[in-house]
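Report on the following structure.
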Amino acid sequence: MPKYDRIVITGMGALTSIGNNVNEYWQGLINGVSGADYINTFDTSKFKTQFACQVKNFDPLNYIDKKEARKLDPYAQLAIAAADEAMADAGLETENYDPDRGGVIFSSGIGGFLSFQEECINYGTNSRTPRFSPFFIPKIICDIGAGHISIRYNLRGPNFAVVSACASSNNAMVEGLYHLRLNKADFILCGGSEMGVCEAALGGFSSMKALSERNDDPKTASRPYDRDRNGFVMGEGAGILVLERLDHALKRGARIYAELAGGGASADAYHITAPHPEGLGAKKVMISTLDDADMSPSEIDYVNTHGTSTPLGDLAEVKAIQNVFGEHIKNINISSTKSMTGHCLGAAGALEAIACIKSINESIVPPTINHFTDDPEFDTDINFTFNKPQARKIRAALSNNFGFGGHNACVVFKEYIP
Amino acid sequence: MSDIATRVKKIIVDKLGVEEAEVTNEASFTNDLGADSLDTVELIMEFEKEFNISIPDEQAETITTVGQAVTYLEEHAK
């Protein structure tokens with residue numbers, strides 16, 4: 001008997017710089033497409049970094065009317081679009097669910113950064129008369145995505161955001177898993193959204209020396225595990241998964257993509273932005289996640305890493321993976337899909353969860369693109385799935401995400417076996 | 001229709017997403033045009049911006065219909 005009630009994935013939605021739905025996103029991943037390009041939404045000429053992985057050709061009016069669109073920051077507009085795809089994909093329609101048993105746990109690392117910047121500029125340039133839009137606060141708060149989704153689908157179950165910077169949507173899935181195991185809902189939409197490429201964001205991350213400044217070649221800038229990696233690339237996107245109690249999914253005859261076997265969370269308790277050099281928090285979270293799933297490391301075939309392409313972060317995480325997996329590390333595939341999507345901050349966990357689930361369903365591991373030069377810091381027996389996807393059976397996949405503040409969150413998906 | 005009335009109605013159509021024909025002088029922002037309390041605050045702000053004036057809160061509270069807005073702005077716009 002399993003320790004807990006089983007929780008499965010029955011729907012998915014995604015918007016990214018490499019595709020505006022799950023299928024396009026997955027095709028982009030297995031074809032090794034980079035979503036990076038020069039930023040054309042504002043003048044970057046005075047910035048050290050001039051590129052990002054931005055969502056392209058997104059028209060909110062395909063999802064909501066003009067009046068509604070004005071009241072939503074772009075991050076919440078993306079959230080709605082991803083939720084629409086996931087709900088339709090799951091076959092959840094108002095007549096086949098109980099609104100009181102449907103929840104949303106949806107995050108954003110930062111929230112409505114674009115609206116925040118716009119309103120502050122307004123204030124600073126209009127003789128500082130405090131004329132803030134009445135929609136200012138409800139546009140920028142990072143729980144409003146969850147609120148909008150609940151209103152759109154009349155979901156009256158548990159509803160909130162969890163925020164842990166770049167680990168946010170992993171934490172959202174972990175919280176969703178726990179709520180469902182405790183039978184607090186039949187299904188919960190879990191994920192995150194981030195659409196914050198603006199002057200304030202670029203300037204802020206840039207002054208932390210966190211961003212790649214490879215302005216002469218943006219598409220190869222995100223290069224996790226390469227010797228010459230030099231920082232992350234800001235990404236935009238939204239990812240959402242329908243987590244559902246197995247009994248409920250079976251009762252309504254839903255298609256089941258995979259099982260969310262376990263999740264966990266930990267802290268480095270070390271530094272606000274730098275990872276623990278030995279990856280202690282990362283190690284702890286992977287161990288507690290496997291324990292939660294009642295699985296051993298040898299059952300994992302693929303690890304989708306946090307792998308943001310920073311010199312220290314990539315190294316610390318790999319040390320942690322080596323510690324957790326030991327000898328089995330030679331049998332697993334590791335890849336960082338952030339090499340293609342950039343770092344989508346609060347959306348990263350959900351988007352990478354989708355990559356894991358698709359890898360289980362399609363038996364293909366998406367690659368870590370942009371590998372040019374080996375880094376002698378990494379052992380040669382580690383398979384980083386460089387540059388090309390790899391076909392193989394994936395029984396289970398683990399996905400890490402870590403956030404500023406020293407937060408670590410991890411989830412493990414496995415093939416659904418009735 | 002006065003120039004001010006035209007500009008007021010354009011703002012209302014744009015911000016509330018309603019048809020121009022609905023924006024009659026008698027139309028109430030909340031009862032007829034679907035505005036909530038936040039929309040109403042935003043409308044007042046847009047009037048202030050368009051006509052470069054400041055509408056005190058106690059005055060703003062008395063502007064609840066299209067006609068009241070036009071009248072107020074015709075009297076106060078610079």
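Residue numbers start from 1 in every chain, and the chains themselves are labelled A, B, ... in the order their sequence lines are given, proteins ahead of strands. Keep in mind the model is a prediction, meaning the values are calculated, not measured.
Aromatic ring centroids of B:Phe51 and B:Tyr72 lie 6.0 Å or more apart.
When heavy atoms are compared at a cutoff of 4.5 Å, B:Lys15 approaches chain A by way of both its backbone and its side chain. For A:Phe136, no part sits under 4.5 Å from any heavy atom of chain B, backbone or side chain. Contacts between A:Arg70 and chain B at a heavy-atom distance below 4.5 Å involve the side chain alone, from C-beta outward. Heavy atoms closer than 4.5 Å to chain A are found nowhere in B:Glu46, neither backbone nor side chain.
At least one side-chain heavy atom of A:Asp84 sits under 4.5 Å from a side-chain heavy atom of A:Arg152.
Taking the six-membered ring for Trp and thresholds of 30 and 60 degrees, A:Phe404 and A:Phe205 have ring planes inclined between 30 and 60 degrees apart.
Of the possible donor and acceptor atoms, none in the side chain of A:Gln50 sits under 3.5 Å from a partner among the backbone N and O of A:Tyr38.
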